[in-house]
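What follows is one structure encoded as C-alpha cells, with my remarks underneath.
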Amino acid sequence: MRKGILQRLGEWCARHAIIVLVVWLAVLGVLHGLQNSFGGTYSDDFNLPDSQSQKGANVLQANAPSIGGTSSTVVMQDAKPLTDFTTQVNQVVANLQKLDHVLSVQNPLPQPNSSGGTTPTGALSSNGTIGYITVRFDENPTALGSDYLHGVDTAVQPLRSAGVDVEYGGPLGEAARPHAKDLTSEAIGFAVAIVVLIIGFGSLIAAGLPLVTALISVIVGLSCLSLLAAAIDFASVSPTLATMIGLGVGIDYALFLITRYRQLIMDRVEPHVAAGIAVTTSGRAVLVSGCTVIVALAGLYVSGLSFIGRLGIAAAVTVVTAVAGALTLVPALAGLIGRRIDRFCLKTPVAEGGPVAGEDAGKKSEEAEEEQHGFWHRYAKRVERRPWWFLASGVVVLGILAIPLFSMRLDHIDDGADPTSFTDRRAFDLISQGFGPGANGPLTLVIDQTNVPSSQRSSLLSNLQKSLTGVPNAASISPLQPTSNGNVLTGTALSTQRPQAADTTHLFNHLKDVSLPQGAKGTAATTYVTGVTAAQQDFTEIISSRLALIIVVVVCLAFLIILAVFRGLLVAVKAAVLNLFSIGASYGVVVAVFQWGWGGTALGVAGKVPIESYVPMMMFAIIFGLSMDYEIFLLSRVHEAWIRTKRAEDSVAYGLEITARVITCAALIMFSVFAAFILSDNIVVKMLGLGLAVSVLVDATVVRLLLVPAVMTLLGRHAWWVPRWLDRILPHLDTEGEEALHQATQMSQK
C-alpha cells in the first residue's frame with residue numbers, strides 16, 4: 001500500500017529533523033541578510049489613473065509643473081512673529097529648492113510687488129507666529145526613504161537653530177513618523193498564547209512548539225515581503241498586517257498538527273509514523289485552509305485597485321510561509337522530541353478526544369468514555385434538544401453587535417487623530433490653530449480651458465466665480481487664476497472642518513458634481529478637484545462602490561470551497577450566511593469603538609474617527625479566509641461521523657466534543673495576537689486588530705459552538721444533500737485525510 005505525498009513528507013521531516021531545522025535556519029539567515037542589504041521601503045502612495053483627481057493632477061503637471069505634484073508642508077511656529085526670522089526662512093526655502101524631487105517651494109513671507117510694497121501669501125497666521133512652507137514633490141515623499149528625510153532635516157536646520165519649532169505636515173510628515181515598533185504587541189500575544197496552550201493542553205513542550213514554528217515562519221515571510229517591496233510598492237501597514245495574519249494562522253496550523261500528533265503518541269504510534277499521519281490528515285486541513293485564506297486575499301484584486309490588492313499579497317506571503325512551516329517544521333520538531341512531548345506536564349495530558357493514556361488502553365477505556373461524556377458532550381446534547389433556542393440566542397447576540405454597522409461612514413483618517421508624538425499631528429494642530437482646520441486639507445480646483453476659444457474665456461471665468469460663491473461647507477475659495485500659458489484656471493477651496501469630517505466630503509462632492517460643472521456649462525472646458533485630500537476622497541468613493549463586489553466574490557469562493565470539501569449544498573449555504581453574520585458583528589464593534597467613540601480614547605485614539613476606507617474590505621477578505629480554519633476543522637469531524645454512522649444528531653455531538661477544546665484554544669490564541677496590536681500607534685492597525693480579534697472570538701464561540709451545531713441539528717441529514725449532477729462534477733477533496741489515516745494506521749500496525 002503506497003503512502004501519500006503528505007505522509008512521506010511528514011515522515012521524512014521527522015526522520016531528518018536536524019536537516020530540516022538547519023535548512024529553515026539557513027534560509028532565515030540568508031533572507032534576513034538580503035533584507036538588510038536589498039530590502040525595500042513601505043509607503044502609502046496609491047495611484048488612481050482613471051480618477052478625476054489624478055486627471056486633474058496630470059493637467060496641472062502638463063501646464064504648470066511648479067504647482068503640480070504632491071504637496072507637503074513645513075510648518076513653523078514661534079512666540080515672536082516669523083518675520084523676525086526672515087533670513088532663516090529664506091535660507092530654508094533656498095535649501096529645500098535644491099533637494100532632488102522638489103518641483104517648487106512657496107515662501108510664506110510677504111513677497112515684494114511691482115508697486116514697491118509687499119503682497120501677503122496667506123501662509124502666515126493673523127498674528128504672524130505660525131506659518132508654513134509649501135513644498136511640491138514630483139513623487140510621494142513617503143517613497144523616497146530615510147536618507148531623503150535626513151536631507152530635509154538638514155535643509156530646515158537654520159530655523160531650528162534659531163529656536164523656531166519646525167514640524168512636517170502631509171505626506172512629508174507621514175514619511176517622518178517613527179517606525180512602527182510592534183515587538184510589545186507580539187510579546188503580549190505570545191505570552192497569552194503560552195498561557196492558553198498550557199491551560200488547554202497541560203504540556204510545556206506542546207505549548208512551545210506552535211509558537212516557535214509560527215515565529216520562524218513569520219520572520220521568513222517578513223524577509224520575503226521586504227525583498228518584494230524593493231520591486232513592488234506596498235502600503236506602510238503591510239508588514240504589521242503580515243505579522244498579525246502570519247502569527248495567527250501559524251500558531252493555529254501548528255496547533256492542529258500537534259494536537260493530532262499527541263493523540264497518536266498517546267495511542268502508542270511510533271513518533272515518525274505519528275508525524276507522517278498528522279501531516280497527511282490534519283496537514284490536509286491546513287493546506288486547504290491556507291489555500292482558502294490566500295484565495296480570499298487574492299480576491300481583493302477584484303477591487304481593481306493595486307493598493308488594495310498588494311495589501312492582500314503582503315498578508316498572503318506570511319500565510320504561505322505559515323503553511324510551509326506547519327507541513328515541514330512542525331513534523332521535524334515533533335520527530336526530534338518524539339515521546340518526550342508530554343514530559344513537562346502541569347496536568348493530565350489531553351489531545352483530541354480527551355485523556356487517553358497509551359499504557360493500557362483496556363484499563364483506561366472506561367475513564368476515556370467518562371471523559372468523552374464530560375462538559376462538551378453534555379453541551380452538544382443540550383443543543384440537540386433545543387436547537388431553535390440556541391439559534392435564536394446566537395442571532396440576537398450577533399444582531400445587537402451589528403447594529404452600529406448601519407451607520408458606518410468610510411473616509412480617510414486625517415493626521416489630527418495621530419498621537420502628539422508624531423510630527424504630522426503637531427503640524428496639523430498648528431495649522432488648525434493658525435488657519436482653521438480646513439487648511440489641513442486644501443482642495444485644488446482645476447479648469448482645463450484648452451479647447452475653449454479665447455473669446456469665451458472671460459465669460460467662463462465670470463460664470464465659474466459666480467458658481468463658486470456661497471458654496472456650502474466652504475470656509476474660503478480663492479479667486480481662480482490662469483496658469484502662465486493661459487490654458488488652465490486654478491484655485492483653492494478650504495473646508496470649514498478638518499479633512500476627515502463629513503462636511504469636507506460634502507464640499508468635495510459639491511465642487512466636483514455641482515459648482516464647477518455648472519460654471520463650465522455650455523463650454524468645452526473640463527473641471528477637476530485635485531490634491532491629496534481630493535485623491536483620498538476619490539479613493540474612498542471607489543472603495544465604497546466596489547465593496548459589494550468583493551463581498552460577493554469572496555462569499556462565492558467560500559461557498560464553492562465548502563461545497564467541494566463536504567459535498568453538502570445546505571452546509572455550504574450555511575457556512576456563507578453565518579460568516580456574513582460574524583463579519584457584520586465585527587464591523588459593528590469597530591464602528592461603535594472608533595466612529596461612535598465608545599472607548600476609542602482608552603485605545604489611544606484622539607476623538608471620534610471615520611472608518612478607514614479600505615479596512616472593511618481587508619477585514620472581510622481576511623475574516624472569511626480565517627473562518628475556514630474552524631469551519632473545516634469542525635465540519636470535517638462532523639462529516640467523518642456522518643459518513644460512518646449516517647446519524648445526523650450524533651455526528652454533530654461527536655464533531656463538537658472532539659474539536660471544541662482545540663477550536664477554543666486556537667481562537668483565544670488568535671484573539672490575543674490580534675488584540676495585542678490595538679497597542680499600535682497606527683490607527684488603521686488598531687482598527688484591524690480590534691476587528692479581527694472580535695471576529696475570531698465571535699466566529700469561534702457564537703458561530704462555531706452555538707449557531708453551527710444548532711443549524712446542523714435542524715438540517716439533519718438534509719445538510720449533506722447534493723444534487724446528483726452536481727455531485728458528479730465536484731472534485732473529491734479528502735480534507736482531514738480519513739482514507740489516508742485508515743491506510744496509514746494499517747501500515748503502522750504491520
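The two residues P210 and T213 make their nearest non-hydrogen contact at O-OG1, 3.1 Å. The minimum heavy-atom distance linking L241 with M618 is given by the pair CD2-CE, 3.3 Å. The heavy-atom pair separating G691 from I623 by the smallest distance is O-CD1, 4.4 Å. For T292 against V288, the heavy-atom pair with the smallest separation is OG1-O, 2.7 Å. Across all non-hydrogen atoms, the minimal contact from A693 to A675 is CB-N, 3.8 Å. The two atoms that bring H272 and E11 nearest to each other are O-CG, 3.3 Å, heavy atoms only.
The cationic atom of R644 (NZ for Lys, CZ for Arg) lies less than 6.0 Å from the six-membered ring centre of Y654 and within 45° of the ring axis.
In this structure, the side chains of R647 and W642 stay at 4.5 Å or more apart for every pair of heavy atoms. Taking the side chain as every heavy atom from C-beta outward, M670 and I251 never approach each other to under 4.5 Å. A heavy-atom distance below 4.5 Å is found between the side chains of L215 and I219. In this structure, F677 and N682 have side chains that are not in contact, with every pair of non-hydrogen atoms separated by 4.5 Å or more. Between L569 and F559, the closest side-chain pair of non-hydrogen atoms falls below 4.5 Å. In this structure, the side chains of F581 and V397 stay at 4.5 Å or more apart for every pair of heavy atoms. Counting only heavy atoms from C-beta outward, the side chains of V286 and V279 never approach each other to under 4.5 Å. Under the 4.5 Å side-chain criterion, counting only non-hydrogen atoms from C-beta, Y587 is in contact with M408.
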Expected list for residues 325-338: side-chain donor-acceptor pairs under 3.5 angstrom, two or more places apart:
from: T328; atom 1: OG1; to: W24; atom 2: NE1; distance (Å): 3.1
from: T328; atom 1: OG1; to: A324; atom 2: O; distance (Å): 2.6

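T318 places a side-chain N or O within 3.5 Å of a backbone atom of A242 that can act as its donor or acceptor partner. With hydrogens and angles disregarded, a donor-acceptor distance shorter than 3.5 Å links the side chain of K686 to the backbone of L603. A donor-acceptor pair under 3.5 Å is formed between the side chain of T321 and the backbone N or O of S217. Between the side chain of T243 and the backbone N or O of P239, at least one donor-acceptor pair lies under 3.5 Å.
Atom OG in S680 sits 10.0 Å away from atom CG in L688 (nearest 0.5 Å). Here the CG-CG distance, from L580 to L398, works out to 11.5 Å after rounding to the nearest 0.5 Å. Taken to the nearest 0.5 Å, the CG atom of L311 stands 4.5 Å off from the OG atom of S238. With rounding to the nearest 0.5 angstrom, the CG atom of L257 is 13.5 Å from the CZ atom of R262. With rounding to the nearest 0.5 Å, the separation of SG in C13 from CZ in R8 is 12.5 Å. Separation of atoms CD1 (I216) and CG (L211) is listed at 11.0 Å; rounding is to 0.5 Å.
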Intermediate values then yes/no, side-chain contact (heavy atoms from CB on, under 4.5 Å), L563 and L726: CA-CA 10 Å; L563 182 60; L726 185 58; 3.8 Å; yes
Worked check of side-chain contact (heavy atoms from CB on, under 4.5 Å) between V293 and V323: CA-CA 11 Å; V293 175; V323 171; over 6 Å; no
Stepwise side-chain contact (heavy atoms from CB on, under 4.5 Å) check, K574 with L570: CA-CA 6 Å; K574 178 270 309 172; L570 295 181; over 6 Å; no
Step-by-step side-chain contact (heavy atoms from CB on, under 4.5 Å) determination, T259 to S282: CA-CA 9 Å; T259 302; S282 295; over 6 Å; no
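In this structure L391 satisfies the side-chain contact (heavy atoms from CB on, under 4.5 Å) test together with W388, V395, L707, A710, V711, L714, sequence neighbours excluded.
Under a cut-off of 6.0 angstrom, the local environment of CZ in R339 is crowded, with over 12 non-hydrogen atoms contributed by other residues, nucleotides or ligands.
Using a cutoff of 4.0 Å between basic side-chain nitrogens and carboxylate oxygens, K381 and E384 are scored as salt-bridged.
Relative ring orientation between F390 and Y379 is described as perpendicular, the plane-to-plane angle rising above 60° on a 0-90° scale split at 30° and 60°.
Counting only residues at least two apart or in different chains, side-chain hydrogen bond (donor to acceptor under 3.5 Å, both in side chains) contacts with residues 687-707 comprise N579-R704, E631-R704, D699-R704.
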